Amino acid sequence: MEQQYQPAKIERNAQSHWINTRAFNAKEDAAKKKYYCLCMFPYPSGKLHMGHVRNYTIGDVITRFHRMRGFNVLQPMGWDAFGLPAENAAMKEGAPPAKWTYDNIVYMKKQLQSLGFGIDWERELATCTPQYYKWNQWLFLRMLERGIVYKKTGVVNWDPVDQTVLANEQVIDGRGWRTGALVEKREIPMYYMRITQFADELLGSLDALPGWPERVKTMQANWIGKSYGVNFGFPYDIDGEKKLLRVFTTRADTIMGVTFMAIAAEHPLATHLAESNTRLQAFIDECKRGSVMEADMATMEKKGMPTGFHVTHPLTNEKVEVWVGNYVLMGYGEGAVMGVPAHDERDFAFAKKYGLAIKEVVRAPGKSFSLDAWQEWYADKESGRCVNSGKYDGLDYMQATDAIAADLKTIGLGDKQVQWRLRDWGISRQRYWGTPIPLIHCAACGDVLVPDDQLPVMLPEHLVPDGTGNPLNKNAAFLDCACPKCGKPARRETDTMDTFVDSSWYFFRFATPGANEMIDARASYWMPVDQYIGGIEHAILHLLYARFWTKVMRDVGLSKTDEPFTNLLTQGMVLNHIFQRRGEKGGITYFAPDEVTLVHDTEGKVASARAKGDGLPVDYDGIGTMSKSKRNGVDPQDLIDKYGADTARFFIIFTSPPEQTLEWSESGVDGSFRFLRRLWSFAHDLAALIQAESAKRGGNYSSYTYPPDWPKRAPIFAAVRRELHTHLRQATYDIERHQFNTVASAAMKLLNALSGLPKIAAANVAKEPTHTQLLHEGMAILLRVLSPITPHVTHALWKDLGFGGDLVEAEWPVVDSLALEQDEIELVVQVNGKMRGSMRVPKTANQAEIETAALKLDIVTKFTEGKVPRKIIVVPARLVNVVV
RNA sequence: GCCGGAGUGGUGGAACUGGUAGACGCGCCGGACUCAAAAUCCGGUGCCAGCGAUGGCGUGCGGGUUCGAGUCCCGCCUCCGGCACCA
């Protein structure tokens, strides 16, 4: 056994041992209880960052713990390999995205392997391979056949200079990232997945997921956004035709307060009215500038323009003017809203700005209404009653809604309706590096499905995008094809699929690697995933899409799984400082934290920063998620090279609980390394002790079996042993509830307790157990508690100390409840709720005995000042509180 | 703007169901070892007052409930994540 802790050597040995024994290769075994532990697969961006290390270490701790609990564990890994960054890198380097992607995969796989994760690499997959994306295409066609996929127009960001569609990320302050040109909204045809058809089930089955964090379920429920309201129409005549301007409202009780209507710039009525109104057309054009992001829409200045056109109020028959508003979204609801300034905050602001009438129609008791300033209660559904509303006066929210909905129904203009906030999922991307949408456009036959036997539609891997649109559009070899129906020359669809498609079912494929179909029978053994682990940033989109695809796969008959992830752990983001400088065209250059010098203010916060390169100022953008695009990631490789994988793993686990956001700082990583080194040298000393004792017993070392009366015979050892099992109990409790930082703490406490033992032993020579035997028991606990976090060093020590067998096959240690027993317990003593000291009482003491004992204490009499206690509160095994 | 979360010593964090706030680390201070340094080991370390015993204050801010609040309730502030084409 080596004297020195040499992580590089230890880790190399342990890793090759696991490879040689195929320790982590999972086999379907109906006789064993399965446990499928999955971490969100990485985008191969180049190098691992700390978020990955955190994610996969958490997953590995859970994986290894469940192996110790006797489960048949599967932990796979693969690559979310399609996406925008590969195209950006390709533009920069003039090389194809495929090469960049595959190179990154090779490097990052090596990094993952060097961290010693217990991964079954035989199930590895990359979503950019035809073997994988073939099934994206295949299921897309099945969805198309079933009407789950359909075509309609959608709004995208358009860069007029590069003549290309931009991702939201590529729009900065309303301008294209490369050209600096003002971005326009453009409507183009796209394919959509009808996720709204599953809205009810996606919402309802959240209740069937007790293993998901409440916060994620709340976010998803709010995102799906089921609301009950009334859909109705405002009649109007145009070109001699009778039409209805339809709106949806959750506040039908305020219909009598409508003073204007607002419609989206893209609304057909707006388009029609603008034909004869150049000012309106100009305003509509203005509305079409800017980004399509909802956050921008919600924060921008609300603007509107009157059209001079009026519709008829369905209940009062009054004329109501129609406005075009830049804040009304065409893709949401009917693309039109009724304006009730008195009871909607946004309408109130709009009416104030443009001098529109404000008509109070709901009043709350004891509150007064004012036209000057908005009050929260104006929008309150609970306490108000209708006023100025004719026959509806005096009705409350529900009564008014029911009455008005009934009246609208009678005149055939509206009815109650359930409305969802959730919108259908637009999956078309006008980009190269993604799954080709398997359709062919034929002049004669229209959009034709690629026949199954011609799948996959192969993506050529040699193209290099140049920023001016999708290179597939210029590639004849890809474009030109024969129509599968009529055989005439036709054109292949060049849009590719959203990469969220790739990540919506990869967990199924991990369960069935190499399947001839999309998945096979092995899926029914492994699915659903027992524990899914990934960043909280995926709380809504990815998780919702994956749930949706799972349900589609079930409906198509591929599986019986309703929900893909039984338990979910959402780890907090790893954050770091962001530094940036704006270019002349409006583009942004990011600086890595180690490329800038900081100036702090008096509170220690970052005040300003300069680039080390040119000495010029850079802007400080605060802290945010580590990302390649913001250049604020930290490469864990430095840490691994310097300290080893075990230290990196221990540190990231120890420094924060999994679900909490983590501001990156390396201070303290030394402490993690010191702990492992201390563990190593302590174990080294113990090995010598065991050898000596073994020699004394004629070459036989035996551990000690503790009889029930043992604590009384060796009370000092009993105290140490109680401590060991207390820490074990805490570690077990904490690892089960996924609070791994305190599992690491418990391991440190265990070593501290063991370290103190030789000194105690020197003064108290007991015959049985010897202190070597107690150390032996303690070390067996410690190594196993620590093994999921730092598997390499514990693997080596387990072997060197001769515990027998392979540590990855060992069982999690069991708490000896006998070791925890005590005759006396300590109670906290309070006077009037203030801590004044403590006292020891026999375990068996009853309430009266505790009260009597407490009242005699100096620390109590001192503060009661002779007064008679009004009340004495005794919390068993915790405290006694004397109230005077 | 909307939805979700977080805020505890100089610092990362701990505190189980409302019951000793600051476990375990980092840093810092002092000591041992050393020619010296590093490493290691031992001790101390929330703030204020006090030689001390001890007392007061203290979990983002302001209120409340309770014998007792970091924990529960109400109202704010700041920061982080998401907002449908970053993944």
Side-chain angles (χ1 to χ4, degrees), chain A residues 40 42-43 45 80 83-85 154 156-157 165-171 213-216 218-223 225 292-300 327 331 345-346 421-431 498-500 503 535-542 544-545 570 572-573 575 604 622-625 627-630 651 654-657 659-663 665 667-672 674-675 677-678 681 730 733-734 737 739 741-742 744-749 752 826-838 870-873 875 878-879 881-884:
Chain A
M40 291 181 186
Y43 179 78
S45 57
D80 189 12
L84 190 60
V156 292
N157 302 302
V165 175
L166 297 179
N168 285 336
E169 191 190 48
Q170 297 171 316
V171 179
E214 276 315 312
R215 61 169 165 164
V216 174
T218 307
M219 279 190 262
Q220 291 218 349
N222 290 340
W223 183 263
V292 300
M293 290 158 73
E294 193 191 299
D296 291 341
M297 301 290 282
T299 48
M300 74 186 174
Y327 62 94
E345 189 164 10
R346 196 169 53 181
R421 204 188 79 94
L422 182 69
R423 308 200 292 260
D424 277 338
W425 175 15
I427 60 137
S428 298
R429 297 291 178 271
Q430 297 67 44
R431 283 203 283 273
D498 182 2
T499 56
F500 274 126
S503 52
I536 183 67
E537 77 275 23
H538 295 295
I540 295 172
L541 292 180
H542 160 60
L544 197 61
Y545 292 145
T570 46
M573 305 274 73
L575 310 179
I623 51 172
T625 316
S627 79
K628 192 180 173 66
S629 60
K630 290 183 177 165
F651 175 63
F654 177 65
T655 199
S656 180
E659 304 218 286
Q660 197 164 305
T661 302
L662 171 62
E663 271 182 53
S665 159
S667 75
V669 65
D670 280 325
S672 300
R674 276 206 289 266
F675 165 67
R677 195 169 48 190
R678 205 154 67 84
S681 69
Q730 181 226 311
Y733 177 74
D734 286 342
R737 64 175 179 145
Q739 187 173 283
N741 56 325
T742 49
S745 296
M748 288 175 147
K749 288 177 188 175
N752 289 347
E826 190 167 278
L827 283 186
V828 164
V829 180
Q830 294 182 341
V831 179
N832 288 334
K834 272 198 182 200
M835 217 297 252
R836 294 299 178 187
S838 63
R870 271 199 296 140
K871 201 183 200 182
I872 301 175
I873 293 149
V875 183
R878 285 244 178 227
L879 61 74
N881 184 13
V882 180
V883 185
V884 291

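Throughout, protein chains are lettered first and strands after them, A, B, ... in sequence-line order, and every chain is numbered starting at 1. Worth saying up front: this structure is predicted, and the values here are computed from it rather than measured.
At the heavy-atom level, A:Q830 lies under 4.0 Å from base atoms of the strands shown. Backbone-only contact: A:R215 has heavy atoms under 4.0 Å from sugar-phosphate atoms and none from a base. Residue A:D670 is classed as having no contact, given no heavy-atom separation below 4.0 Å to the nucleic acid. Within 4.0 Å of A:S838, counting heavy atoms only, lies no atom of the nucleic acid at all. Heavy atoms of A:A539 sit nowhere under 4.0 angstrom from any nucleic acid atom. Residue-level contact check: A:M835 touches the bases, meaning some heavy atom is under 4.0 Å from a base atom. Looking at heavy-atom distances under 4.0 Å, A:T299 makes contact with a base. Within the nucleic acid shown, A:R737 comes within 4.0 Å of sugar-phosphate atoms alone, with no base atom in reach, counting heavy atoms only. A:R423 comes within 4.0 angstrom of a base, heavy atoms only. As judged by a 4.0 angstrom heavy-atom cut-off over every strand, A:G624 is placed among residues touching the sugar-phosphate backbone only.
Proximity of a side-chain donor or acceptor of A:N881 to a complementary backbone N or O of A:I873 within less than 3.5 Å is not detected. Formation of a donor-acceptor pair under 3.5 Å by the A:S665 side chain with backbone atoms of A:S667 is found in this model. Under the 3.5 Å distance criterion, the side-chain polar atoms of A:Q730 are left unmatched by any main-chain donor or acceptor of A:S745.
Between the C1' atoms of B:A38 and B:G22, the separation comes to 32 Å (whole Å). Comparing the P positions of B:U59 and B:U11 gives a spacing of 15 Å, expressed to the nearest Å. To the nearest whole angstrom, the two P atoms, one in B:A36 and one in B:C24, are 33 Å apart.
When each of B:G1, B:C86, B:G13 is scored by its nearest atom to the side-chain atoms of A:A295, the top-ranked nucleotide is B:G1. Checking B:G4, B:U20, B:A87 against the side-chain heavy atoms of A:H538 singles out B:A87 as nearest. Side-chain atoms of A:T742 lie closest to B:A23 of the nucleotides B:G56, B:C80, B:A23. When distances are taken from the side chain of A:I873 to each of B:G19, B:A15, B:C85, the shortest belongs to B:G19. Comparing B:G1, B:C85, B:U20 by their nearest atom to the side chain of A:D498 picks out B:C85. Candidate nucleotides B:C80, B:A84, B:G25 were compared by shortest atom distance to the side chain of A:N168, and B:A84 ranks first. Of all nucleotides listed (B:C67, B:C24, B:A14), B:C67 comes nearest to the side chain of A:V883. Between B:G82, B:C80, B:C85, one nucleotide has an atom nearer to the side chain of A:E537 than all others, and that is B:G82.
The nearest heavy atom of RNA chain B to A:E345 and to A:P657 marks one nucleotide each, and the one closer to the 5' end goes with A:E345. In terms of position on RNA chain B, the residue among A:G668 and A:A298 whose nearest nucleotide sits closer to the 5' end is A:A298.
In the interface, the side chain of A:N881 is paired with the base of B:C67 through a donor and an acceptor atom under 3.5 Å apart. In this model, a side-chain donor or acceptor of A:Q430 finds a partner on the base of B:C85 within 3.5 Å. Residue A:R870 places no side-chain atom within donor-acceptor reach of the base of B:C67, judged by atom type and a 3.5 Å distance cut-off alone. You won't find any donor-acceptor pair under 3.5 Å spanning the side chain of A:Q660 and the base of B:G13, going by distance alone.
In this structure, B:C86 makes no Watson-Crick or G-U wobble pair, since no nucleotide meets both defining distances under 3.5 angstrom. Remark: B:G55 base-pairs with B:C48; criterion is Watson-Crick or G-U wobble with both hydrogen-bond distances under 3.5 Å.
A:L879 and A:L827 get closest at one heavy-atom pair: N-CD2, 3.8 Å. Pairing each heavy atom of A:R421 with each of A:N222, the nearest pair is NE-O, 3.4 Å.
Look at B:G9: its glycosidic torsion is within 90° of 0, and that puts it in the syn range.
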